[in-house]
Amino acid sequence: MADKNYKLNTKLIHAGVHPDPTTGAIMTPIYQTSTYVQAGPGDHKGYEYARTQNPTRTVLQDALAAIENGKYGLCFGSGMAATDAVVKLLAPGDEVIVSNDLYGGTYRLMTKIFAQYGIKFHFIGMHDAHNIVRHINNRTTMVWVETPTNPLLNVIDIAACADICKKHKLTLVVDNTFASPYLQNPLDLGADIVLHSATKYLGGHSDVVHGALVMNDAGLEERLRFIQNSCGAVPGPHDCWLVLRGIKTLHVRMQRHCENGEAVAHYLRSNPKVGKVLWVGFEDHPNHDIAKKQMRGFGGMISFTLKGDNIDDALAVLKKTKLFALAESLGGVESLIGHPATMTHGSIPREQRIANGLGDSLIRLSVGIEDVEDLIDDLKQAIG
Ligand SMILES: *Cc1c(COP(=O)(O)O)cnc(C)c1O
């Protein structure tokens, strides 16, 4: 893209994309190839083998970098593959400080896979970012933050984390999956690496599993690109194309996710059978002032409990919704409903789960972009 100063909505559509040089096709072709013909040994057009480079992936990587206000993008076969690549920057003996209300798959990768390679992870509350300082020692090399978190929608102050990391020379990684680049740009707030499960809002249509990293530092990019190629968890060109197609409408989808999320959150608060409603946009939501500072909107992720916090009441609601589909995942155009205590967070012991604020009746909604009146009617008939 000629002009780096375009605004976000323009970048979502045009960044990285050029008309196909052979046909003029406006949409990037799916380069479904494993290798590239060379004129002579080493005489090629920058593409040698498709694990290392693929033109469809290149366009997507450039687009992702542009929309996160970063210099470099790298794509992976899933959000977890991207996470895996970042943790592989570390060496045995290194220590990482991680926000404790974390995507379950990330927790599993750290504790079940990388802990056995001698990397130590400290899971701590970061509601007050300064908690980080107390856990830093001379082996600490990285801080890992997810904000807003899943499913409690805790908000962590990225700029405050970045200040601490700069002072102690630590790499700050922010999983920006929940906010998407439309609502939040962690690199602008001082993060070193932004991570996405593009399976969620970036892809947006529940039809692809994909992951991405964006960064500004050339040295970090070189190391992560080396890991991407060496470990080989790369996405196929068709999956890259689906994400590229998805991000062209990220802004219009996110706008509607935010509007619908706000309406559903307020409806839930008005229902006497509902206990707590967690939505980042409420003025009394913990760290709402930080969300207002670092996010451009509050999104369509909502969690709520039922009065009495009874697990059976929650399961009855899950059975009754017709539009809200019972499923894992989030961020697609269709509305989803889930029960963390028995689904995504079932492996956490009950005592610990409840101590963390994740009650038996907690229900998580990924509010889609259907007509919001229909969504509210569906919840009304399900909750009563
Ligand atoms: C889904 C998710 C991931 C993992 O991504 P996959 O594409 O499922 O591998 C990581 N972080 C967050 C916050 C997620 O929601």
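Note that ligands are numbered from 1 as they come in the structure, with each ligand's atoms numbered from 1 the same way.
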- Item | Electrostatic pair Arg350-Asp360, nearest N-O below 4.0 angstrom | yes

- Query: With a 4.0 Å cut-off, would you call Arg269 and Asp284 a salt bridge?
  - Reply: yes

- Message: Judged on heavy-atom distance to atom 13 (C) of ligand 1, which of Thr147, Asn176, Asp84, Asp175 sits nearest?
- Response: Asp175

- Query: To the nearest 0.1 Å, how far is atom 7 (O) of ligand 1 from its closest protein heavy atom, and which atom is that?
  - Reply: Thr199 OG1, 2.6 Å

- Task: Give the atoms of ligand 1, by number and element, whose distance to some non-hydrogen atom of Gly79 is under 4.0 Å.
- Result: 5 (O), 6 (P), 7 (O), 9 (O)

- Considering only non-hydrogen protein atoms, determine which one is nearest to atom 9 (O) of ligand 1 and report residue, atom name and distance to 0.1 Å. Met80 N, 2.9 Å

- atom 4 (C) of ligand 1 sits nearest the protein heavy atom Tyr103 CE2, 3.4 Å

- Report, as yes or no, whether the 6.0 Å neighbourhood of atom CD on Glu222 holds more than 12 heavy atoms from other residues, nucleotides or ligands. no

- Message: Under a 4.0 Å threshold between the charged nitrogen and the carboxylate oxygen, would Asp84 count as salt-bridged to Lys88?
- Response: yes

- Residues Asp157 and Lys293 bridged, charged N to O under 4.0 Å: yes

- Query: For ligand 1, which atoms, with element, lie under 4.0 Å from some heavy atom of Ser78?
  - Reply: 7 (O), 9 (O)

- Here the atoms of ligand 1 under 4.0 Å from any heavy atom belonging to Glu146 are 13 (C)

- Return yes when atom NZ of Lys307 has more than 12 non-hydrogen atoms of other residues, nucleotides or ligands closer than 6.0 Å, and no otherwise. yes

- Which protein non-hydrogen atom lies closest to atom 15 (O) of ligand 1, naming both residue and atom, and how far is it? Lys200 NZ, 2.7 Å

- Item | Heavy-atom nearest option to atom 5 (O) of ligand 1, drawn from Gly203, Ser197, Gly331, Ala198 | Ser197

- Message: Can you confirm whether Leu362 sits close enough to His339 that some side-chain heavy atom of one is under 4.5 Å from a side-chain heavy atom of the other?
- Response: no

